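Quick caveat, the model's predicted, so the values are computed rather than measured. Every chain is numbered from 1 and lettered A, B, ... according to where its sequence line falls, protein lines coming before strand lines.
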Protein chains: 2
Amino acid sequence: MAEKQRRKPGETREKLMSAALTLVGKGRHFASLGIREVTRQAGVVPTSFYRHFRNMDDLGLQLVDELGLVLRRMMREARANVSQADKLIEESVAIFISHAQANRSFFLFMAQGLAGESRAVQEGIRSEMRFFASELANDLRRLRLVDHLSDQDLDMTCDLVVRSVAFSLTDLLGVSADDDYQIEQIRKRTTRFLQLIFVGAAHWQSAG
Amino acid sequence: MAEKQRRKPGETREKLMSAALTLVGKGRHFASLGIREVTRQAGVVPTSFYRHFRNMDDLGLQLVDELGLVLRRMMREARANVSQADKLIEESVAIFISHAQANRSFFLFMAQGLAGESRAVQEGIRSEMRFFASELANDLRRLRLVDHLSDQDLDMTCDLVVRSVAFSLTDLLGVSADDDYQIEQIRKRTTRFLQLIFVGAAHWQSAG
DNA sequence: CACATTAGTGAACACTTGTACACATGGATA
DNA sequence: TATCCATGTGTACAAGTGTTCACTAATGTG
């Protein structure tokens, strides 16, 4: 019989989660993954799955939690690297794209989950996006870049910004990871989107 | 043995496609549907599937084509119903939402396909969105509402508009079809998004 | 009318799937 | 040290899967 050493606690759990992400990274859709498939990819016997998750939806929910950590790391780096206010958009988009590349499977999972099968996962991702948007609003407030906007209008603007970036994600994940030209195009386009939105925000009161 | 009457040509084909849509409408993800499942829902023997489609991806591609028709109908109605230029955004959003409600499963399929499993379906949907955006640009040009924008900037604006609306789709499809309050909220928010974008477009030259 | 084509059927195939059960083992706890 | 429990393993099974095959009835074409 094969050895059944138990290594660090939670190791198999992580193997299963990253196995699912690996399969997603290979082009599979999370909704089409099965328990056996994931355990096979993780190099673990199918029964082990139930030691950690009740079903695939449960695994998805726990992936959403980890996704939250990835997003928070990204925000922290963005805040640390904002050198000048007028380059804020460009630099933030660049950081976002590099994180999306570095955690491709994670963001793929996020893009899939937005219209996914599990309502709970869907809501989880949406919630992460709302949090992201509200943090962005806080930052902009603190930098005093948007003093003329009401809280509500600022929230709306940040919401739109986050959505636009999230949509660019699906562009980004659609091109191969080493197609530098296309990635650069996406970066430029996303940057212009955000600039357009902020121009709109800057003139919002007069038009609203 | 059961009767095997063949009715109109292409009837089973349609039954299969709408069976897939029905399952999607019930909350399933297209990527997780199987051939047997679809044929069962259509009330047809599994073998019949192969008379019309090579596999599920093929069926998905043909659904994208039909989706194109739905979108074109929507555009036609929007063009016919634009009463006054200053209500253009509000009325267009309202038409969009009513079409999305009337063809819920179709739009659900579209939202899923954007980050779906089949690259071909993904590209098909993207292509429909590009077409939609370019038609929008033509209309705006014709109405002479955006004379100060270059073609390129206009394309970008329309692209952003279409993306924002598409993202609102996922909001809309996330709430139950008879939750009028939430739907109204989504309608208002989407309208404001577009207004913000167009305010940005109106002031774009001076800032770009 | 004869005939090829299309579009339906059911039976069978070799696999894969989710899940249940009994069992083993290492580490923490008492 | 003795015990418990979380975590691992192998086996088993019923149900579901995609696909092939041979057969049949309706339709369009000569």
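Computed from coordinates, the B/L33 CG to C/dT17 P distance equals 17 Å when rounded to whole Å. Between the CZ atom of B/F49 and the C1' atom of D/dG18 there is a distance of 10 Å, rounded to whole Å. Nucleotide D/dT9 holds its P atom 10 Å from the CG atom of A/L16, rounded to whole Å. Straight-line distance from the CE atom of A/M56 to the P atom of C/dT19: 11 Å, rounded to whole Å. Spacing between atom CZ of A/R40 and atom C1' of C/dC15 amounts to 11 Å, rounded to whole angstrom units. One atom, CZ of A/R54, and another, P of C/dT19, lie 10 Å apart when rounded to the nearest Å. If you take CD of A/E37 and C1' of D/dG18, they are 15 Å apart, rounded to a whole angstrom. Atom-to-atom, CZ of A/R36 to C1' of D/dT17 comes out at 13 Å; the value is rounded to the nearest Å.
Contact annotation: the side chain of B/F132 never approaches that of B/R72 to less than 4.5 Å [non-hydrogen atoms, C-beta and beyond]. The closest side-chain heavy-atom distance from B/I95 to B/H99 is below 4.5 Å. Counting only heavy atoms from C-beta outward, the side chains of B/S32 and A/H29 never approach each other to under 4.5 Å.
Put simply, the side chain of B/R187 never gets that close to the backbone of B/A94: no donor and acceptor are under 3.5 Å apart.
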Stepwise salt bridge (Lys or Arg N to Asp or Glu O under 4.0 Å) check, B/D159 with B/R130: CA-CA 7 Å; B/D159 197 4; B/R130 273 196 302 271; over 6 Å; no

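Contact check, A/Y50 against C/dT19: a side-chain N or O comes under 4.0 Å of OP1 or OP2. The phosphate of C/dT9 (OP1 or OP2) has a side-chain N or O of B/S48 nearer than 4.0 angstrom. At D/dA6, none of the side-chain N or O atoms of A/H52 fall inside 4.0 Å of OP1 or OP2 (strictly under the cut-off).
Comparing B/N55 and A/P46 along DNA chain D, the residue whose closest nucleotide (by nearest heavy atom) sits nearer the 5' end is A/P46. Both B/R51 and A/R13 lie close to DNA chain D; mapped to their nearest nucleotides by heavy-atom distance, the more 5′-ward contact belongs to A/R13.
Across C/dT17, C/dA11, D/dT9, the shortest atom-to-atom separation from the side chain of B/T47 is found for C/dA11.
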